[in-house]
2 protein chains.
Amino acid sequence: MDHSNLLKNIAKHITLNGDEINYFIPLMKYKEAGKKSFLLKEGQVSKTISYVHSGALRAYYLDKDGNENIIMFAINDWWVTDMYSFSTGQPALLNIDAMEDSAVFELNKNDLEDLYLKVPKFERFFRIIMQNSYVREQLRSIQNLSITAEERYINFVNKYPQFVQRVSQKQIASYLGITPEFLSVIRKKLSKGS
Amino acid sequence: MDHSNLLKNIAKHITLNGDEINYFIPLMKYKEAGKKSFLLKEGQVSKTISYVHSGALRAYYLDKDGNENIIMFAINDWWVTDMYSFSTGQPALLNIDAMEDSAVFELNKNDLEDLYLKVPKFERFFRIIMQNSYVREQLRSIQNLSITAEERYINFVNKYPQFVQRVSQKQIASYLGITPEFLSVIRKKLSKGS
DNA sequence: CCAATTTCTTAATCTACCTTATTATTTTTT
DNA sequence: AAAAAATAATAAGGTAGATTAAGAAATTGG
């Protein structure tokens, strides 16, 4: 099992010694998630937070009309869960599934609580992760307020060029909060305009 | 200066001993903010995070048409800043001002960094605050996806009944992401319907 | 306490984006 | 490689909420 990416991810924010690494690593359970398999389904309680080792996942909300509204993509080196459910113990609102064959390391909530006590540096690590997540969400809602779907699409292409290659237009439309038809119109307009 | 509410707020998540309290308290600078005065203006770098002791503040984003889009209200016992700016050192996107005469305790970013080192429990405290903020933002964007402005208004009234008394309809409309005119229509409809 | 400003209501018109439907294309499965 | 399924393009018609405007009520400030 190759933990090097995971450890590099942790090392971005905190420095662990050998003992701490040895305590931490066994808590991270390797799990493969084949394309279209679910890490979490709406209504389940999310008991884990996952580090994405390879592949690509998405977290989406199914609205009452059955439409998938993608809340986030999670590719290599991202952490993902339904934080609402993980945090409060309430049933998840989100579905998380694999858009490609993927592999993650799962960290159990109880193990994380123990980890916080044994290696308090992880409070710092996840404080930073949570802070960044909060900032990202807030920037996203500000963008939704202030710019049109077309501008959001342009921003998305610039910010996540990897995704544009890897995920379908349907998924992108869902993330942008528009219909695939309208994204199609936007793309047509942009291809003419340039 | 009365720090009892502030200390109760901290005690919700971590337990401090006398020394830790004595180190912490002097870092929190008392500041009065008269009605309409600004704690932060767009373009400035946010160097503090504030605990609201009394009164009511709002954080809003001014879009290119000059419309105020309220991102959050912050009344007694809430923490507020432009976390994007505070976190990254980039110019703030938000304005934060007082809707009523208010008083806050400000914590300076450098002091907070020192506090993290001296009293690492605060990493836990702010990990929890950030986690809750992230969850709140995410729930809010899910709600914006799935329910109408009318339902959002009903939810708002149920969730924050205090606000409905204290802030104008214009502010509430701004928070809900609709025009005051349309809120007026919604309220009329609801008053007839019940 | 009065004038000025802001807030709230109502209503007509407008628009960004959605819905539905049809056909073409690509991808997946067999 | 054929059949089935998913994706993408295009277009007509629909709707939630915006915009504009104008008068009434409430606040604010001097």
Sugar-phosphate only, base, or nothing, as touched by A/K35 at under 4.0 Å among non-hydrogen atoms
sugar-phosphate

Atom CD1 of B/I172 to atom P of C/dC8: distance rounded to whole Å?
8 Å

Whole-Å distance, B/E181 CD to D/dG17 P, equals 14 Å

Report yes or no: does A/S133 contribute a side-chain atom to a donor-acceptor pair with the main-chain N or O of A/I129 at less than 3.5 Å?
yes

Hey, is the side chain of B/T179 poking within less than 4.0 Å of OP1 or OP2 on D/dG17, counting only N and O atoms?
no

What's the CD1-P distance between A/I186 and D/dA9, to the nearest Å?
12 Å

Parallel, tilted or perpendicular: rings of A/F105 and A/H53 (30°, 60°):
perpendicular

Could you pick out which residue, B/L183 or B/K36, lies toward the 5' side of DNA chain C when each is mapped onto its nearest nucleotide?
B/K36

Specify the separation, in whole Å, of atom CD of A/E150 and atom P of C/dT15.
17 Å

The side chain of B/V185 is closest to which nucleotide in this list: D/dA9, D/dG17, C/dT10?
C/dT10

OP1 or OP2 of D/dG17 under 4.0 Å from side-chain N/O of B/R152
yes

Can you confirm if the NZ or CZ of A/K159 lies within 45° of the ring axis of A/F156 and under 6.0 Å from the centre of its six-membered ring?
no

Given atom CD of A/E151 and atom P of C/dC17, what is their separation to the nearest angstrom?
10 Å

Grab the NZ-C1' distance between A/K189 and C/dC17 for me, whole Å please.
13 Å

Within the structure, does a side-chain N or O atom of A/Q169 lie under 4.0 Å from either OP1 or OP2 of D/dA6?
no

Please check if the side chain of B/S37 supplies one atom and the backbone of B/G34 the other of a donor-acceptor pair under 3.5 Å.
yes

So, the side chain of A/T15 versus the backbone of A/A11: is there a donor-acceptor pair under 3.5 Å, distance only?
no

Between C/dC14 (P) and B/F182 (CZ): distance, integer Å:
19 Å

Quick one: B/K170 NZ to D/dT27 P, roughly how many Å, whole number?
15 Å

When you match B/P180 and A/I178 each to their closest nucleotide on DNA chain C, which lands nearer the 5' end?
B/P180

